[in-house]
There are 2 protein chains.
Amino acid sequence: MMENDIFKALADPTRRAIFEKLASTQSMNASALREGISISQPAMSQHLAVLRQAKLVQEERQGRFVHYRVKPDGLALIVQWVARYSTFWPDRIDALRQTLKEMDQ
Amino acid sequence: MMENDIFKALADPTRRAIFEKLASTQSMNASALREGISISQPAMSQHLAVLRQAKLVQEERQGRFVHYRVKPDGLALIVQWVARYSTFWPDRIDALRQTLKEMDQ
DNA sequence: CAAACACATAAGTCCATGCTTATGTGTTTG
DNA sequence: CAAACACATAAGCATGGACTTATGTGTTTG
């Protein structure tokens, strides 16, 4: 199941760090992503493969570089899953509500 | 980090099934939770311990039964984490927006 | 109070996973 | 076109995690 792929992909702290770094920019190639994260080249490549399979990121080859970027709809399933239990976080709902309000502007 | 505990706890499909079942009721003891889920008693106990440590559920002993229930604010960190990337799921946002709207009623 | 019960913990096994080194594939460049 | 480069894949290893059986702890009940 795809939902499971996403949860498993995000369960690793290194992968979340990669995703977060990727989200902070337009797009970035694999080598640039390694900067600041102490990790070997194959390890990065493997992590990106996991994120790719979970459809959280998308790749685009440009010459000998592969540019990665966060996939717009990647977190949708997580959002939907969490939303099912939205009645359980009445306090925190306001923050999300505010986020949505800001998106309208 | 607590965020990591939550992601890891939700990364297992059996644990998500337990959480979902628990969310569908007020509270339930460990034996009742096993019904429908093909799992041994110790396995259930261990899964509940993981969910407990992630603060996704809370326990309450009543006699020789231990009643579990979903902890209201348990998913807050996930919501906050996801909300940081809300600009990346513009299409799916409507579903969540609708959920919030329904909560208002 | 001994047996039954609900649950937790211990200990061991098996498979998944994150890492490493080594090598392969595709692209650019001197 | 050979070397350098960016990245992917292969293979092996070590750890983590989900399961099992066995046993422990606390509570109820006949």
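Numbers restart at 1 for each chain; the letters A, B, ... are given by sequence-line order, proteins then strands.
Residue A/L51 contributes atom CG, which lies 16 Å from atom C1' of D/dC7 at whole-angstrom precision. A straight line from CE of B/M44 to P of C/dC5 spans 20 Å, rounded to a whole angstrom. What separates CD of B/Q53 from P of C/dT9 is a distance of 12 Å, to the nearest Å. As a whole-Å value, the separation of B/H47 NE2 from D/dG17 P is 13 Å. Rounded to an integer number of Å, the gap from CD of B/E60 to P of D/dG26 is 19 Å.
Proximity note for B/R64 (side chain, C-beta onward) versus C/dT27, C/dC19, C/dC5: the nearest is C/dC5. Side-chain atoms of B/N29 lie closest to C/dC7 of the nucleotides C/dC7, D/dC7, C/dG18. With C/dG18, C/dC7, D/dC7 as the candidates, the nucleotide lying closest to the side chain of A/Y68 is D/dC7. Comparing D/dT9, D/dG26, C/dC19 by their nearest atom to the side chain of A/S45 picks out D/dT9. Ranking C/dG18, D/dC7, C/dT29 by closeness to the A/D12 side chain, first place goes to C/dG18. Closest contact between the side chain of B/T14 and the listed nucleotides D/dC19, C/dC7, C/dG18 involves D/dC19.
At most 12 non-hydrogen atoms from other residues, nucleotides or ligands lie less than 6.0 angstrom from CD of A/Q26. By the 6.0 Å contact criterion, CD on A/Q53 is open, its count of non-hydrogen atoms from other residues, nucleotides or ligands being 12 or less.
Closest-nucleotide positions on DNA chain C for A/Q41 and B/A43 were compared, and the one nearer the 5' end corresponds to B/A43. Comparing A/P42 and A/R61, the nucleotide of DNA chain D nearest to each residue sits closer to the 5' end for A/R61. Sequence order on DNA chain C of the closest nucleotides to B/R52 and A/G63 puts B/R52 first from the 5' end.
Taking a pair to require two hydrogen-bonding distances under 3.5 Å in either a Watson-Crick or a G-U wobble arrangement, D/dG30 pairs with C/dC1. Across the strands present, C/dT25 finds its partner in D/dA6; the criterion is a Watson-Crick or G-U wobble pair with both atom distances under 3.5 angstrom. Pairing for C/dA16 is with D/dT15, a Watson-Crick or G-U wobble pair whose two hydrogen-bonding atom distances lie under 3.5 Å.
Judged by distance alone, with hydrogens and angles left aside, A/Q46 brings a side-chain donor or acceptor within reach of the base of C/dT20, the pair sitting under 3.5 Å.
Note on A/R34: nothing from the nucleic acid sits closer than 4.0 angstrom, heavy atoms only.
Taking side-chain N and O atoms only, B/S31 has no distance below 4.0 Å to OP1 or OP2 of C/dA6.
By the 4.0 Å N-to-carboxylate-O rule, B/E59 lies too far from B/R69 to be salt-bridged with it. A salt bridge is absent between B/E35 and B/K21: the closest approach of a Lys/Arg side-chain nitrogen to an acidic carboxylate oxygen does not fall below 4.0 angstrom.
With values rounded to the nearest 0.5 angstrom, B/L10 atom CG is found 5.5 Å from B/I78 atom CD1.
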